Number of protein chains: 2
Amino acid sequence: MASALAERSSSGVQSVERAIAILKSFSIDKPERGVGELSRELGLHKSTVSRLMTTLERGGLLSRSPESQRYRLGIDLLGLAAHVAGYMDLREVARPYLRRVADECQESVNLVVLDVSERGGQRRAQVVNLEQFVPPTRQVKNIGRVGRRMPPHCTAAGKVLLAYLPPEEREQVLPDVLEAFTPHTVTRRDHLQVELARVRQQGSAIVQEELEEGLNAVAAPIHDHTGSVIAAASIAGPAYRLTPQELPQLAAHLGKVAARISHDMGFTA
Amino acid sequence: MASALAERSSSGVQSVERAIAILKSFSIDKPERGVGELSRELGLHKSTVSRLMTTLERGGLLSRSPESQRYRLGIDLLGLAAHVAGYMDLREVARPYLRRVADECQESVNLVVLDVSERGGQRRAQVVNLEQFVPPTRQVKNIGRVGRRMPPHCTAAGKVLLAYLPPEEREQVLPDVLEAFTPHTVTRRDHLQVELARVRQQGSAIVQEELEEGLNAVAAPIHDHTGSVIAAASIAGPAYRLTPQELPQLAAHLGKVAARISHDMGFTA
DNA sequence: AACCATGTTGCGCATAACGGGACATATTAT
DNA sequence: ATAATATGTCCCGTTATGCGCAACATGGTT
């Protein structure tokens, strides 16, 4: 993470790239950041970072917390996020359902979409968390907050989203080598294809310890009014709680909830 | 709005300012925008805008909708917004309550905070919408979506937030001239001070047609666990529905709901 | 008081961002 | 078909612009 902005990639506005890097340096663990701190982290001069942050503050994308010292992300980001097309309705509709599921299961529930973007001339797909519901009692692992990106081939939600992609599109966005995160990660494309077919057939995906050892998950597709799959709902939890014999019924349950959300989105099976 | 970036304000990174201007050019009415379009609007060359937008896209703050053409706001903004410190809890807690109020009253309900920022060497306060709940049946006026900024001295929520500000702070952030938006707008500071005292006493604010003719509103404060007022809830609607005789009980009702939210935020009266 | 942090401000240089215009592509009209 | 008008991207030469430097503030520790 040292200097993601080292690469002088052609045709990119340097200062804007740096400004974005500054914005993205904020996280749950680091909700406030200072100039010097970031200067070191990004390998830029203090003055440079200072000017960039001042500009971002003027623009409302940053603000300073108590009385001028460290910076926080600015309120205007909420306004911008509110205008991110499409997903707002989905989030509104899905929220109550998924919160309920989180309460019932006492596991963390996610609402995710597939984000395909151009990386180095290649179209790559990533799974992005739109929303996460964590049961209040279980603050154990706070993994995967909103905005987190994950690989699609080894996550339950990712498999669902891949499964319902048009075949040629799927071909494009799947990398040649499927990275192995654990010994259980499916790394062969042909094996994955078989699994995706099964996902389509079953209407849900079950993944055991493919992204992280000891982490299991199930997921189900959410359709919009045109019928295409626009998102997936997933339940994730430690393997000792989400046992192999429980997973199928959990998946089935989530499938029903997802279907209800789809219905509310205007989908008529 | 033609060119807010005309002013070569000292110590501001030009390209970042422009990038922010691009981001902020998106809105409900204009969820997708093109290079040429913006180039004209901002008075910049096509190539300049193209490069800026490409950079923003690479950074995930923009994305292109169908198959490379117009731009939309990018998903990563959701992730950034999720890290905007502090407000997330409040939104989560308040949401179900305020939605319910919106359903009951069949009026639009807002959750707002005060944003004080440095503008031209002067600290200015603005009221910002964190969240808006519009009853589904009444899509009439879709004013004031999330992120909208409004003056504090002539809005119900603004008066609440001003009322509970430390006096010296209030002095600072109140402009010398209170702009009149309608004939009913309070423009004298001493009159406003009297009203704010009444707000503190009553625990709620009632505003009739001060921001816009025919628009009435009530608001109540929301406290955090330390006791300070961090936000306000408001109900706004047309004067013919929110009649003068109804307003007080509406305000009282909202006050109770706000108190409940405060309680959930850890406030013990 | 001297020291170590922090973040901001002026300055001169060189790079990086700009605007111009050519190019590629798509949609519409003739 | 061909032309005409959009669109957005790419290359290139110029200079304004953003950079690093170092000095300057300011605040907390020893």
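Just so you know, these numbers come straight off a predicted model, no measurement behind them. Order of the sequence lines sets the chain letters (A, B, ...), proteins ahead of strands, with each chain counted from 1.
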Both A:Ser50 and A:Ser15 contact DNA chain C. Taking the nearest nucleotide for each, which residue is further toward the 5' end? A:Ser50
State plainly whether the residues A:Lys30 and A:Glu37 are in salt-bridge range, i.e. N to O under 4.0 Å. no
Under 4.0 Å between a side-chain N or O of B:Arg18 and OP1 or OP2 of C:dA17? no
To the side chain of A:Val13, which of C:dC18, D:dT9, D:dC21 is closest? C:dC18
What is the separation between atom CZ on B:Arg40 and atom C1' on D:dT5, rounded to the nearest whole Å? 12 Å
Please report the distance, rounded to the nearest Å, between CZ in B:Arg70 and C1' in C:dA26. 14 Å
Comparing A:His45 with A:Val16, nearest DNA chain C nucleotide closer to 5' gives the residue A:His45
Donor-acceptor check, side chain of B:Ser228 to backbone of B:Asp224, threshold 3.5 angstrom: yes or no? no
Length of the line joining A:Glu37:CD and C:dT6:P, which is rounded to integer Å: 9 Å
Among C:dA16, C:dA22, C:dT8, which is the nearest nucleotide to the side chain of B:Lys46? C:dA22
Residues B:Tyr71 and B:Arg64: side-chain donor-acceptor under 3.5 angstrom: yes
Nearest to side-chain heavy atoms of A:Gln14, which nucleotide of C:dA16, C:dG19, D:dT9: C:dA16
Test item: side-chain donor near acceptor, B:Gln132 and B:Asn110, under 3.5 Å: yes
Between the first and last five pairs of the helix from C:dA1-D:dT30 to C:dT30-D:dA1, the angle of the axes, rounded to 10 degrees: 30°
Calculate the interatomic distance between B:Leu42 atom CG and C:dA17 atom C1'; express it in whole Å. 16 Å
Rounded to the nearest Å, what distance is computed from the CG atom of residue B:Leu44 to the C1' atom of nucleotide C:dG21? 17 Å
Whole-Å gap separating P (C:dT8) and CG (A:Leu38): 12 Å
Length of the line joining A:Arg51:CZ and C:dC11:C1', which is rounded to integer Å: 11 Å
Could you please name the option among D:dA22, C:dC18, D:dT9 that lies closest to any side-chain atom of B:Arg64? D:dT9
Would you please classify the geometry between the B:His223 ring and the B:Tyr164 ring as parallel, tilted or perpendicular, with 30° and 60° separating the classes? perpendicular
Checking A:Leu196 against A:Lys159 for the side chain to side chain contact (heavy atoms under 4.5 Å, CB included) test, could you report, in this order, the C-alpha distance in whole Å, the side-chain angles of both residues, the deciding distance, and whether it holds? CA-CA 6 Å; A:Leu196 296 185; A:Lys159 288 191 183 181; 4.0 Å; yes
Atom CG of B:Leu52 and atom P of D:dT17 are separated, to the nearest Å, by 13 Å
Select one nucleotide: of C:dT6, D:dT9, D:dC19, the one nearest the side-chain heavy atoms of B:Tyr71. D:dT9
A:Val16 pairs by side chain to side chain contact (heavy atoms under 4.5 Å, CB included) with which of B:Val13, B:Thr55, B:Ile20? B:Thr55
